[in-house]
Peer 1: 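Got a structure for you, written out below as structure tokens; questions coming shortly.
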Amino acid sequence: MSAPRAFRDATHARARGQAAEDAAAAWLQTAGYHILERNHATKAGEIDLIAADADTLCFLEIKARATPTCGPAVAAVTPRKQRRLARAAALYLAAHPWPGPCRFDVLGLDPGELGWEYTLLKDAFQLA
């Protein structure tokens, strides 16, 4: 098993991240998401994708793995990363109010026999 060529052949981490996010955005669109923003930067950090899933605003963290040796990609979204994403989302909402519900989704891309295997965790975490 290996990651798709664009990811595997990228020369640096930023290029690998971009290749994974391109694949993720395309897959999410086929799953019914409407991509609103990509790589939204705030003082608290970056939000990989912001999308609408029906009337819900979703803040998406995208994680990809080149090999399965470190476990599934979704496992890389640690509590620390969740807090950073939540702070970035709060800053986004302060500047862009949303009338409906919001949630945090995580999309993992793991290498499969025929390309990426996608694991989507809707409402992946809650914050107190």
Side-chain angles (χ1 to χ4, degrees):
M1 279 192 280
S2 67
R5 181 178 213 113
F7 182 84
R8 189 178 61 241
D9 293 347
T11 57
H12 52 80
R14 187 171 185 89
R16 281 191 300 277
Q18 186 64 48
E21 286 177 15
D22 289 345
W27 186 85
L28 287 164
Q29 287 176 320
T30 65
Y33 284 73
H34 176 70
I35 306 298
L36 302 174
E37 291 197 43
R38 292 180 64 167
N39 305 113
H40 181 80
T42 72
K43 291 180 181 182
E46 182 178 273
I47 303 169
D48 292 335
L49 293 172
I50 301 171
D53 181 20
D55 67 337
T56 302
L57 185 65
C58 303
F59 299 99
L60 288 120
E61 178 66 17
I62 310 302
K63 289 293 181 188
R65 293 278 195 231
T67 67
T69 56
C70 293
V74 295
V77 182
T78 63
R80 180 175 184 229
K81 181 62 181 174
Q82 292 171 13
R83 288 189 300 274
R84 293 181 91 188
L85 183 58
R87 285 192 299 270
L91 290 172
Y92 177 86
L93 288 169
H96 307 89
W98 183 262
C102 301
R103 71 173 188 241
F104 297 100
D105 292 355
V106 174
L107 179 61
L109 287 72
D110 294 291
E113 294 298 323
L114 302 174
W116 290 121
E117 290 183 2
Y118 297 91
T119 303
L120 176 61
L121 302 177
K122 290 186 176 189
D123 206 11
F125 58 90
Q126 301 282 318
L127 298 172

Peer 1: Which pair of non-hydrogen atoms, one from Ala88 and one from Gly45, has the smallest distance, and what is that distance?
Peer 2: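 Heavy atoms of Ala88 and Gly45 come nearest at CB-O, 3.9 Å.
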Peer 1: For the residue pair Tyr92 and His40, does the interplanar ring angle fall in the parallel (under 30°), tilted (30 to 60°) or perpendicular (over 60°) class?
Peer 2: perpendicular
Peer 1: Report the distance from atom CD of Glu61 to atom CD of Gln82, rounding to the nearest 0.5 Å.
Peer 2: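 Atom-to-atom, Glu61:CD and Gln82:CD are 10.0 Å apart.
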Peer 1: Rounded to the nearest 0.5 Å, what's the gap from NE2 on His34 to CG on Leu28? Could you check?
Peer 2: 12.5 Å
Peer 1: To the nearest 0.5 angstrom, please state how far the CD atom of Glu46 sits from the CG atom of Leu85.
Peer 2: 10.5 Å
Peer 1: Nearest 0.5 Å please: distance from the CG atom of Leu107 over to the SG atom of Cys58.
Peer 2: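 The SG atom of Cys58 is 11.5 Å from CG of Leu107, to the nearest 0.5 Å.
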Peer 1: Given Val106, which of Ile62, Thr119, Asp48, Val77 fulfils the side-chain contact (heavy atoms from CB on, under 4.5 Å) condition?
Peer 2: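 The option that passes is Val77.
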Peer 1: According to a hydrophobic-cluster definition based on side-chain heavy atoms being under 4.5 Å apart (Ile, Leu, Val, Met, Phe, Trp, Tyr only), do Phe125 and Leu91 belong together?
Peer 2: no
Peer 1: Does the Asp55 side chain pair with the main chain of Gly100, one donor and one acceptor, at a distance under 3.5 Å?
Peer 2: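 It does not hold such a pair.
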Peer 1: If hydrophobic clusters are built from ILVMFWY residues whose side chains come within less than 4.5 Å, do Trp27 and Leu49 share one?
Peer 2: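 Yes, because Trp27 and Leu49 connect within a single hydrophobic cluster, where side-chain heavy atoms sit under 4.5 Å apart.
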Peer 1: Going from CH2 on Trp98 to CD1 on Ile50, what distance comes out if it is rounded to the nearest 0.5 angstrom?
Peer 2: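 Rounded to the nearest 0.5 Å, the CH2-CD1 separation comes to 10.5 Å.
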Peer 1: Taking the side chain as every heavy atom from C-beta outward, state whether Glu37 and Ile47 have any pair of such atoms under 4.5 Å apart.
Peer 2: no
Peer 1: Please find the pair of heavy atoms, one from Ala94 and one from Pro97, that lie closest to each other, and give the distance.
Peer 2: O-CD, 4.5 Å
Peer 1: The test is side-chain contact (heavy atoms from CB on, under 4.5 Å); show your working for Glu21 and Leu60 and say whether it passes.
Peer 2: CA-CA 10 Å; Glu21 286 177 15; Leu60 288 120; over 6 Å; no
Peer 1: Kindly give the heavy-atom pair with the smallest separation between Arg65 and Ala76, and that separation in Å.
Peer 2: NH2-CB, 3.5 Å
Peer 1: For the residue pair Ala64 and Ala20, what are the closest heavy atoms and their distance?
Peer 2: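 Looks like CB-CB, 3.6 Å.
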Peer 1: Report the C-alpha separation of Arg38 and Gln18 in whole Å, then their side-chain angles, then the decisive distance to 0.1 Å, and conclude whether the side-chain contact (heavy atoms from CB on, under 4.5 Å) test is met.
Peer 2: CA-CA 10 Å; Arg38 292 180 64 167; Gln18 186 64 48; 3.1 Å; yes
Peer 1: Which atom pair, heavy atoms only, marks the closest approach of Ala51 to Tyr33?
Peer 2: CB-CD2, 3.8 Å
Peer 1: Go through the steps to decide whether Leu109 and Tyr118 satisfy the test side-chain contact (heavy atoms from CB on, under 4.5 Å), and finish with yes or no.
Peer 2: CA-CA 5 Å; Leu109 287 72; Tyr118 297 91; 3.7 Å; yes
Peer 1: Closer than 3.5 angstrom, by distance alone: can the side chain of Trp116 be matched with the main-chain N or O of Gly108 as a donor-acceptor pair?
Peer 2: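 Answer holds: no.
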Peer 1: On a heavy-atom basis, which atom in Glu117 and which in Glu113 lie closest, and how many Å separate them?
Peer 2: OE2-N, 4.3 Å
Peer 1: If you apply the rule side-chain contact (heavy atoms from CB on, under 4.5 Å), what do you find for Asp53 with Lys122, and how did you get there?
Peer 2: CA-CA 10 Å; Asp53 181 20; Lys122 290 186 176 189; 3.2 Å; yes
